[in-house]
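Worth saying up front: this structure is predicted, and the values here are computed from it rather than measured. By convention in this document, chain letters (A, B, ...) are assigned in the order of the sequence lines, proteins followed by strands, and residues within each chain are numbered from 1. Any value given below was found using the heavy atoms of this structure, including those in side chains, with hydrogens, waters and symmetry copies removed.
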Amino acid sequence: MLDIKVIREDPERVRAGALKKHFPARAEAVDRLLALDAELRGLLPRIEQMRAEQKQAGKRLAGLSPEQREAVLEQQKALKAELQSLEAREKELQVGVREQQLLIPQVPDPEVPEGKDDQANTEVRRVGDATQPTFEVRAHDDFATARGWLDVERAAAMAGSRNYMLFGDLVLLQDAVLRLAVDHMVAKGFVPVDPPLLVRDNIMEGTGFFPGGEEQTYRCEVDGLNLIGTAEVPVTSIHGGEILGEAELPKLYVGRSMCFRREAGTYGRDTKGLYRVHQFQKVEQVIIDVADEGRSRAHHEAIVRNAEEVLQMLELPYRVVNVCGGDLGVPQAFKYDIECWMPSRQAFGETHSASRFYDYQARRLGIRYRPADGGKPLHCHTLNNTVLASPRILIPMLEVHQRADGRLHVPTALRPYLGGRDRL
RNA sequence: GGAGAGGUGGCAGAGUGGCUGAAUGCACCACCUUGCUAAGGUGGCGUGGGCGUAAGCUCACCGGGGGUUCGAAUCCCCCCCUCUCCGCCA
């Protein structure tokens with residue numbers, strides 16, 4: 001969430017930010033917040049004064065008093081009754097302020113393009129050769145099914161649509177790309193994490209997925225737990241509620257986990273193949289560092305490069321796009337997507353998403369650090385980016401590396417993970 | 001699942017109804033001392049909010065939420081977590 005002081009100082013900027021992200025309803029939360037906040041601040045001095053009075057009288061009463069005690073007690077009771085009604089209102093206001101504050105989105109950075117949806121994203125750079133080969137490339141799912149590597153029908157029969165089963169070499173290939181991604185990040189000093197997949201509501205809230213993302217989340221109601229949609233959730237929350245030392249920062253983590261998404265409201269979109277599915281595996285990089293915009297920006301560029309390096313090792317053509325306002329999530333200030341070339345679509349398809357949040361998540365989660373000079377604790381900055389998500393990454397793998405003979409080319413960097421094989 | 005014990009400031013650890021926002025130690029910050037990456041001395045040092053140009057004043061917070069009381073870290077209830085023992089299962 002945003003610092004309430006920031007909202008008070010420049011509500012117009014915050015409101016404009018919400019509108020740039022195409023969240024008109026959330027923009028209105030700014031006004032509701034300010035109204036509640038104003039009432040609360042009007043009430044607080046009165047309440048505080050009464051509490052101070054109560055405290056003082058109580059202390060005097062402690063020492064000694066024969067029957068004078070009775071009179072004071074009467075007064076105290078009257079004071080208490082009045083105070084209680086004011087406190088009830090205070091409580092309401094505080095809850096209301098928090099509710100509205102959670103709804104208010106992070107303000108997008110100035111260089112975020114205007115726009116309603118991904119059509120308005122702007123290309124930053126394009127890497128690799130996306131030209132079509134001479135033979136006719138089969139769509140990834142047709143190809144994989146023909147090879148006996150994929151069965152969507154049987155998966156759907158037991159689990160519904162948007163499910164899949166992988167078999168044989170495709171399972172091994174998936175493990176290989178995931179492991180390559182983890183190894184790449186570990187070599188860069190990231191600590192690998194195998195996190196909980198089921199988390200409490202407050203963790204979903206802290207990372208900005210709740211409120212708002214409930215529909216996309218599988219929930220285990222009897223236990224009050226939610227299946228994570230990304231390792232970002234538990235990994236960013238590792239230091240929730242803590243005050244770190246500046247010397248410990250930055251924290252570099254690479255989470256590897258299953259991810260689950262309901263994909264509600266996406267009926268009819270991307271129904272074919274492995275593009276949009278309910279469960280997948282993802283390697284995710286997370287950085288927690290000091291509150292410095294320049295450093296956040298530098299980290300952001302670095303984590304995009306990390307993902308690009310993996311794609312280059314996988315010999316996949318891709319482009320990096322600057323995500324427009326309407327395509328940004330609630331907590332993000334800026335986001336790059338990486339899109340891999342997908343021959344069957346004759347288009348680039350999103351495979352990665354790199355976000356910076358500044359202190360938005362850290363404020364919600366209570367991740368702070370004590371500056372080296374010993375000053376007051378500050379909220380950290382957080383960032384994250386996909387390193388690799390499968391099976392979506394298998395789409396370009398199966399199409400770009402498909403060969404005329406019906407076999408699959410194995411990129412050099414991947415061969416050590418597949419027993420040295422160069423074709424599958 | 002059953003039975004106990006416990007959750008206090010960055011950490012360790014006192015505190016069982018008002019004198020406690022909280023002893024003490026460590027860590028940390030500032031200054032001083034000291035002939036050398038050690039040791040010592042003095043002072044400071046929880047977090048968040050409100051009011052104030054400021055100095056400062058004030059309120060809340062001792063796992064979370066309710067309650068008792070004029071007054072709760074301290075008493076009662078519910079929940080969460082940790083540890084130990086038993087059971088169960090892998």
Side-chain angles (χ1 to χ4, degrees), chain A residues 1-9 33-102 195-206 210 219-226 234 237-249 251 288-291 359-360 362-380:
Chain A
M1 64 190 146
L2 292 175
D3 188 343
I4 194 164
K5 287 177 184 161
V6 168
I7 303 171
R8 280 183 200 137
E9 275 167 25
L33 172 74
L34 292 177
L36 293 169
D37 182 53
E39 186 183 341
L40 179 60
R41 288 201 290 166
L43 191 62
L44 275 179
R46 257 181 86 198
I47 291 184
E48 282 182 16
Q49 195 197 333
M50 288 174 71
R51 281 205 273 244
E53 239 175 82
Q54 186 184 53
K55 226 174 170 177
Q56 292 302 318
K59 278 184 184 175
R60 267 183 268 115
L61 188 137
L64 49 132
S65 296
E67 58 282 315
Q68 299 170 323
R69 212 182 153 91
E70 282 303 312
V72 181
L73 277 181
E74 281 310 307
Q75 286 180 348
Q76 289 285 77
K77 280 184 183 174
L79 187 65
K80 186 187 177 187
E82 194 184 343
L83 188 55
Q84 274 180 333
S85 71
L86 291 181
E87 280 177 335
R89 182 60 186 156
E90 181 198 8
K91 183 81 189 228
E92 277 175 20
L93 289 168
Q94 264 160 353
V95 169
V97 163
R98 168 92 185 171
E99 277 171 5
Q100 299 307 318
Q101 206 176 350
L102 284 178
L197 307 182
L198 283 160
V199 299
R200 293 218 170 86
D201 292 340
N202 66 312
I203 300 302
M204 296 299 289
E205 186 179 294
F210 288 179
R219 183 171 169 78
C220 187
E221 193 58 50
V222 284
D223 296 299
L225 295 170
N226 308 281
S237 303
I238 290 172
H239 300 290
E242 296 182 10
I243 299 178
L244 303 163
E246 182 169 343
E248 311 174 55
L249 298 173
K251 293 280 189 185
I288 301 170
D289 202 359
V290 296
D359 63 3
Y360 193 91
R363 189 176 299 281
R364 285 185 172 212
L365 286 165
I367 309 172
R368 293 179 293 172
Y369 70 100
R370 192 174 296 283
D373 65 8
K376 291 281 180 191
L378 300 170
H379 286 98
C380 292

**Q.** Closest-nucleotide 5' rank along RNA chain B - winner of R8(A) and K80(A)
**A.** R8(A)

What integer number of Å spans the [atom1] atoms of [N] and [M]?
| N | M | atom1 | value |
| --- | --- | --- | --- |
| A14(B) | U8(B) | P | 11 Å |
| U82(B) | U20(B) | P | 35 Å |
| C78(B) | C26(B) | P | 41 Å |
| G6(B) | G52(B) | P | 46 Å |
| U58(B) | A22(B) | P | 13 Å |

Q: Could you pull out all residues at least two apart from R200(A) that satisfy side chain to side chain donor-acceptor pair (under 3.5 Å)?
A: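 Scan of R200(A) (side chain to side chain donor-acceptor pair (under 3.5 Å), adjacent residues dropped) gives none.
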
Q | Phosphate OP1/OP2 of G49(B): any R41(A) side-chain N/O under 4.0 Å | A |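 Answer is no, no contact under 4.0 Å.
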
Q. Salt bridge (charged side-chain N to carboxylate O under 4.0 Å, His left out) with E48(A): which residues, sequence neighbours excluded?
A. none

Q) Taking all atoms of both residues into account, what is the closest heavy-atom pair of A291(A) and Y369(A), and its distance? A) N-OH, 3.1 Å

Q: Report the residues that fulfil side chain to side chain contact (heavy atoms under 4.5 Å, CB included) with R8(A), sequence neighbours left out, ordered by chain and then residue number.
A: I4(A), K5(A), L34(A), D37(A), R41(A)

Under 3.5 Å between N/O atoms: give me all the protein pairs with nucleotides 76-81 of chain B, atom names plus distance.
from, atom 1, to, atom 2, distance (Å)
C80(B), O3', R200(A), NH2, 2.7
C81(B), OP1, R200(A), NH2, 2.8

Interatomic distance, [X] [atom1] vs [N] [atom2] [rounded to whole Å]:
| X | N | atom1 | atom2 | answer |
| --- | --- | --- | --- | --- |
| E248(A) | C28(B) | CD | P | 13 Å |
| D3(A) | G48(B) | CG | P | 11 Å |
| M1(A) | G48(B) | CE | P | 13 Å |
| K5(A) | G48(B) | NZ | P | 9 Å |
| L40(A) | G48(B) | CG | P | 18 Å |
| Q101(A) | G49(B) | CD | P | 10 Å |
| R98(A) | G48(B) | CZ | C1' | 13 Å |

Can you pull every protein N or O that's under 3.5 Å from an N or O on nucleotides 43-47 of chain B?
from, atom 1, to, atom 2, distance (Å)
U47(B), OP1, R370(A), NH1, 3.3
U47(B), OP2, K376(A), NZ, 3.1
U47(B), O3', R368(A), NH1, 2.8

Q: Counting Watson-Crick and G-U wobble pairs only, both distances under 3.5 Å, name the nucleotide matched with G6(B), or none.
A: C81(B)

Q. Salt bridge between K251(A) and E242(A), side-chain N to carboxylate O under 4.0 Å?
A.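 A salt bridge is absent here (no side-chain N lies under 4.0 Å from a carboxylate O).
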
Q) Quick one: what's the B/S/- string for nucleotides 53-65 of chain B, heavy-atom cutoff under 4.0 Å, read 5' to 3'? A) -----BSS----S

